[in-house]
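Read the structure below first, then the notes.
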Amino acid sequence: RTHDYQWYYEGRNGWWKYDERSNCDLEAAFIRGDKQCKLLLAGALYHVDFEKNLQVRQNDQTRRRRVRRDTPTLPSKGIAGIKTN
Ligand code: V3L
């Protein structure tokens with residue numbers, strides 16, 4: 001069931017898919033009923049808040065992005081900053 005849903009974070013004009021590992025961590029935490037999930041992304045610690053649907057960088061909490069859980073078919077910019085067509 002892990003691939004029934006995909007997590008996305010907001011870019012400038014569209015949504016990026018989380019990388020596979022982060023997506024699995026997010027989905028497991030969400031299904032478990034956790035309020036948030038901690039992620040290490042490109043060397044920085046982030047929290048994804050499932051109540052506010054926000055990703056927040058822990059060393060600078062002004063760095064926030066909306067997140068969403070949707071089907072893998074949602075149009076996206078790519079995966080974790082790697083553009084796909
Ligand atoms: N996964 C991978 N990289 C991330 C993530 C994530 N969940 N969150 C932030 N970064 P901030 P456009 C993004 C990267 O939030 O053109 C995209 O992946 C983030 O990368 O301020 O605006 C693209 O690579 C940014 O480089 O902490 O749609 C890039 O932005 C850096 O961490 C441009 O995307 C700081 O993000």
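Start at 1 and go down the list; that is how both ligands and their atoms are numbered.
- Shortest contact from atom 22 (O) of ligand 1 to any protein heavy atom: Arg12 NE, 3.0 Å.
- Counting heavy atoms from C-beta on, the side chains of Arg66 and Leu54 come closer than 4.5 Å.
- Atom 24 (O) of ligand 1 has Gly81 CA, 3.4 Å as its closest protein atom, hydrogens excluded (heavy atom only).
- Considering Lys77, Arg65, Lys17 only, the shortest heavy-atom separation from atom 15 (O) of ligand 1 involves Arg65.
- Not a single protein heavy atom sits closer than 4.0 Å to atom 29 (C) of ligand 1.
- In this structure, atom 21 (O) of ligand 1 lies nearest to the protein heavy atom Arg63 NE, 2.7 Å.
- At least one side-chain heavy atom of Leu26 sits under 4.5 Å from a side-chain heavy atom of Phe50.
- Interatomic distance, OH of Tyr8 versus OG1 of Thr71, reported as 5.5 Å (0.5 Å rounding).
- Phe30 is not listed as a side-chain neighbour of Tyr5, based on a closest heavy-atom distance of 4.5 Å or more.
- Below 30°, between 30° and 60°, or above 60°: for Tyr9 and Trp16 the angle between ring planes is below 30°, a parallel geometry.
- Listed by number with element, the atoms of ligand 1 under 4.0 Å from a non-hydrogen atom of Gly11 are 28 (O).
- For atom 17 (C) of ligand 1, the nearest non-hydrogen atom of the protein is Trp16 NE1, 3.6 Å.
- In this structure, atom 33 (C) of ligand 1 has no protein heavy-atom contact shorter than 4.0 Å.
- Ionic pairing of Arg68 and Glu10 is not present here: no N-O contact between side-chain nitrogen and carboxylate oxygen is shorter than 4.0 angstrom.
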Open item on the list: If you apply the rule side chain to side chain contact (heavy atoms under 4.5 Å, CB included), what do you find for Gln6 with Trp15, and how did you get there?
Closed with: CA-CA 11 Å; Gln6 173 69 45; Trp15 297 90; over 6 Å; no

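- Distance check for atom 26 (O) of ligand 1: every protein heavy atom is found at 4.0 Å or beyond.
- A salt bridge does not link Arg21 with Asp19: every distance from a Lys NZ or Arg NE/NH1/NH2 to an Asp or Glu carboxylate oxygen is 4.0 Å or more.
- Of the heavy atoms in Arg57, only side-chain atoms (C-beta onward) come closer than 4.0 Å to ligand 1.
- By heavy-atom distance, the residue among Tyr9, Tyr46, Trp15 lying nearest atom 2 (C) of ligand 1 is Tyr9.
- Atoms of ligand 1 found under 4.0 Å from any heavy atom of Tyr18 (numbered from 1 in listed order, with element): 7 (N).
- Glu27 places a side-chain heavy atom less than 4.5 Å from the side chain of Arg69.
- Put simply, atom 5 (C) of ligand 1 has protein non-hydrogen atoms near it, under 4.0 Å away.
- Residue Gln55 places a heavy atom less than 4.0 Å from ligand 1.
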